[in-house]
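Values below: every heavy atom of this structure, side chains too, minus hydrogens, waters and symmetry copies. Residue numbering restarts at 1 for every chain, and letters A, B, ... go by the order of the sequence lines.
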Amino acid sequence: MKDDFLTIGGIQLKSRLIVGTGKYKDFEQTRTAIEASGAEMVTVAVRRVNIIDRDKENLLDYIDPKKYKILPNTAGCYTADEAVRTARLARAAGITNLVKLEVIGDQKTLFPDTAGLIEAAKILVKEGFVVLPYTNDDPIVAKRLEDVGCACVMPLAAPIGSGLGIRNPYNIQIIRETIKVPVIVDAGVGTASDAAIAMEMGCDGVLMNTGIAGAQDPIAMAEAMKYAVRAGRLAYKAGRIPKKLYANASSPVEGMIE
Amino acid sequence: MIRLYLNGEGREFAPNTTVANLLEALQTSPERVAVELNLRILDKQEYARTVLKEGDRLEIISFVGGGS
């Protein structure tokens with residue numbers, strides 16, 4: 001599958017897997033897992049520098065912005081204002097104008113506040129950001145996000161960190177059919193088959209963090225996810241056989257011995 | 001001395017401290033951070049010429065591990 005790029009806001013990615021950098025044991029494990037995943041786009045959180053106890057090591061010493069597309073996220077923001085402010089700060093760091101936009105609605109579910117999300121997306125698109133919104137598996141909201149100019153839509157498979165896989169494949173399918181910008185399944189992927197299913201459905205990519213970082217062997221899971229996303233994509237492009245209730249022999253019926 | 005509020009923490013600094021001086025004192029590389037001064041985000045070119053005043057509030061952020 002040569003030249004089967006995922007293009008988001010003009011950026012071409014060979015790998016359709018986007019990974020997070022949270023929950024790893026240390027920066028070294030983060031780097032090794034990301035390398036094993038084959039991902040080219042990597043999401044990071046925006047946080048206050050620790051003034052009192054300066055930790056000399058920086059995540060970007062391990063995840064080289066020259067090698068990876070850095071995708072700052074607004075995780076932890078509960079209002080459109082907070083998310084917009086965080087995105088502006090992220091851009092001011094001078095590395096990128098990409099933002100994984102999150103406006104969280106509730107601490108227990110971490111489901112998006114979609115009203116706040118659309119409001120923030122509108123502002124950030126106008127300011128020239130390339131906006132990748134984390135959204136619910138709601139086709140109408142996905143359409144609104146596309147209409148306000150988001151570079152892709154990123155519906156959740158299941159709650160963040162839940163590992164439940166795609167809870168509502170029919171909604172994801174409707175989103176895929178109605179949206180022209182790339183559809184990236186973001187959050188809730190638990191294992192390789194979840195990622196493969198998303199890709200077989202025709203989604204353009206998968207974004208995950210806990211599914212890899214929380215595995216017993218994150219490096220091995222990162223590699224598994226790399227293959228799952230590729231396999232799912234290949235199967236989607238290949239065009240699967242229709243499902244049938246009865247058998248259909250794959251050996252010829254002619255020439256049987258009598 | 002002047003009192004500045006860095007990420008919510010009050011700290012004393014010499015008068016005429018610039019944002020660039022402050023980052024140096026904090027051993028923080030300007031390339032890896034963004035600075036907001038009294039709710040206004042500064043361009044990196046402003047760091048060297050922005051002199052801080054008593055009571056200024058700064059947010060200094062960088063990127064850390066995170067997914068969602």
B/K44 NZ: over 12 foreign heavy atoms closer than 6.0 Å: yes

Heavy-atom neighbours of A/Q107 CD exceed 12 at 6.0 Å: no

Member of B/V33, B/L6, B/N7 meeting the side chain to side chain contact (heavy atoms under 4.5 Å, CB included) criterion with A/R48: B/N7

Toward chain A, the part of B/E36 with a non-hydrogen atom under 4.5 Å: both

Heavy-atom proximity to chain A below 4.5 Å, by part of B/I41: side chain

Side chain to side chain contact (heavy atoms under 4.5 Å, CB included) between B/V64 and A/V44, worked out: CA-CA 6 Å; B/V64 301; A/V44 299; over 6 Å; no

What part of [X] lies closer than 4.5 angstrom to a heavy atom of chain B: side chain, backbone, both or neither?
X     : answer
A/A90 : both
A/T43 : both
A/L89 : both
A/I95 : side chain

For residues [X] and [Y], report the shortest heavy-atom separation together with the two atoms involved.
X     : Y     : answer
A/V46 : B/F63 : CG2-CE2, 3.8 Å
B/G67 : A/N73 : O-ND2, 3.1 Å
B/G65 : A/A45 : O-CB, 4.1 Å

Sorted by number, residues from residues 98-106 of chain A in contact with chain B (heavy atoms, under 4.5 Å): A/K100, A/E102

Verdict with reasoning, A/D61 to B/R32, per side chain to side chain contact (heavy atoms under 4.5 Å, CB included): CA-CA 10 Å; A/D61 295 333; B/R32 296 283 165 83; 2.6 Å; yes

Donor-acceptor pairs are to be reported for all side-chain atoms of residues 122-129 of chain A against protein atoms at under 3.5 Å, with residues two or more places apart or in another chain.
unit_1	atom_1	unit_2	atom_2	d
A/E127	OE1	A/R88	NE	3.0
A/E127	OE2	A/R88	NE	3.4
A/E127	OE2	A/R88	NH2	2.6

Main-chain N/O of B/G66 paired with A/T21 side-chain donor or acceptor, under 3.5 Å: yes

When A/A75, A/G20, A/A93, A/G22 are compared by non-hydrogen pairs under 4.5 Å with chain B, the top option: A/A93

Contact winner vs chain B - A/L59, A/L110, A/L60, heavy-atom pairs under 4.5 Å: A/L60

Side chain to side chain contact (heavy atoms under 4.5 Å, CB included) assessment of A/I51 paired with B/R11: CA-CA 10 Å; A/I51 301 295; B/R11 292 267 293 267; 3.0 Å; yes

Audit row: B/L39, A/R85, side chain to side chain contact (heavy atoms under 4.5 Å, CB included) steps and yes/no: CA-CA 9 Å; B/L39 298 178; A/R85 186 177 171 206; 3.4 Å; yes

